[in-house]
Amino acid sequence: MGKPDLRLGKEVRALLKSGRVYRGRLLHVRIGGSELSRTLISVRRKFGPAVARNRVRRRIRHLCREWGLLQPNHRLIFLTISDSAASATFQELKADFECAVQALDLTQNK
């Protein structure tokens, strides 16, 4: 493992204190301005086995790519996946994600 990025930790702490937030049924999205252009996805271990955690991360990354949220844009986006998303379908996850994108006005290409 490499050295931790201390700037990223500082940016995330600032984001948790003062960023805009969307709280949905399946995910929470926080966004704030930053020097770093990152999209972070957080899934707790209590969510389920590694296969389920990786599946939901892949689904969220796919949605982020589809909406252009992985592009460099000087903002930090922090997505937290709820434990209830383990039993949700992709369509339910997509609907909650799209509500977050519209509520936080993250639209770039759609």
Side-chain angles (χ1 to χ4, degrees):
M1 252 207 223
K3 293 166 68 174
D5 188 352
L6 299 178
R7 281 187 318 162
L8 181 60
K10 182 180 175 184
E11 296 279 343
V12 169
R13 283 190 295 280
L15 177 68
L16 294 175
K17 287 182 184 176
S18 64
R20 294 183 316 173
V21 65
Y22 167 82
R23 288 182 175 87
R25 187 176 68 86
L26 301 175
L27 56 96
H28 299 291
V29 181
R30 293 181 184 269
I31 182 170
S34 171
E35 294 176 9
L36 308 171
S37 295
R38 299 263 177 113
T39 300
L40 307 171
I41 302 170
S42 171
V43 184
R44 298 176 352 141
R45 277 197 186 170
K46 290 184 179 181
F47 181 85
V51 173
R53 292 193 308 265
N54 291 335
R55 182 184 313 119
V56 77
R57 274 192 208 104
R58 282 193 308 269
R59 289 176 173 180
I60 292 296
R61 274 197 307 266
H62 171 75
L63 292 170
C64 287
R65 252 185 250 108
E66 190 176 288
W67 283 87
L69 300 183
L70 299 178
Q71 307 297 326
N73 50 17
H74 295 291
R75 62 183 174 194
L76 185 63
I77 302 171
F78 188 63
L79 295 125
T80 306
I81 310 301
S82 170
D83 292 343
S84 61
S87 61
T89 65
F90 179 71
Q91 296 304 322
E92 292 171 330
L93 191 61
K94 183 177 181 178
D96 203 19
F97 183 84
E98 289 174 354
C99 287
V101 167
Q102 291 171 357
L104 295 173
D105 194 30
L106 300 176
T107 56
Q108 287 185 356
N109 62 347
K110 294 208 174 191

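Here, residue 1 is the first one in the sequence, and each next residue gets the next number. Keep in mind that this is a model prediction, so the values were computed, not measured.
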Checklist entry - Hey, does Glu11 have a side-chain heavy atom less than 4.5 Å from the side chain of Arg38? => result no

Checklist entry - Can you tell me how far OG of Ser87 sits from CD of Glu92, rounded to the nearest 0.5 angstrom? => result 7.5 Å

Checklist entry - Going from NZ on Lys94 to CH2 on Trp67, what distance comes out if it is rounded to the nearest 0.5 angstrom? => result 8.5 Å

Item to check | Test side chain to side chain contact (heavy atoms under 4.5 Å, CB included) applied to Leu93 and Ile60, step by step | outcome: CA-CA 8 Å; Leu93 191 61; Ile60 292 296; 3.9 Å; yes

Next on the checklist: Using side-chain heavy atoms (C-beta onward) and a distance below 4.5 Å, is Arg59 in contact with Phe97?
Outcome noted: no

Checklist entry - Should the pair Lys46-Asp83 be classified as a salt bridge under the 4.0 Å nitrogen-to-oxygen rule? => result no

Next on the checklist: So Leu79 and Cys64, do their side chains get closer than 4.5 Å, heavy atoms only?
Outcome noted: yes

Please list, one pair per line, the donor and acceptor atoms closer than 3.5 Å that link side chains of residues 15-32 to other protein atoms, with sequence neighbours excluded.
| residue | atom | partner | partner atom | Å |
| --- | --- | --- | --- | --- |
| Ser18 | OG | Ala14 | O | 3.0 |
| Arg20 | NH2 | Leu104 | O | 2.8 |
| Tyr22 | OH | Asp96 | OD1 | 3.0 |

Item to check | Spacing of OG1 belonging to Thr39 relative to CZ belonging to Arg61, to within rounding of 0.5 Å | outcome: 11.5 Å

Item to check | Shortest non-hydrogen separation from Phe78 to Ser42 and the atoms involved | outcome: CZ-CB, 4.0 Å

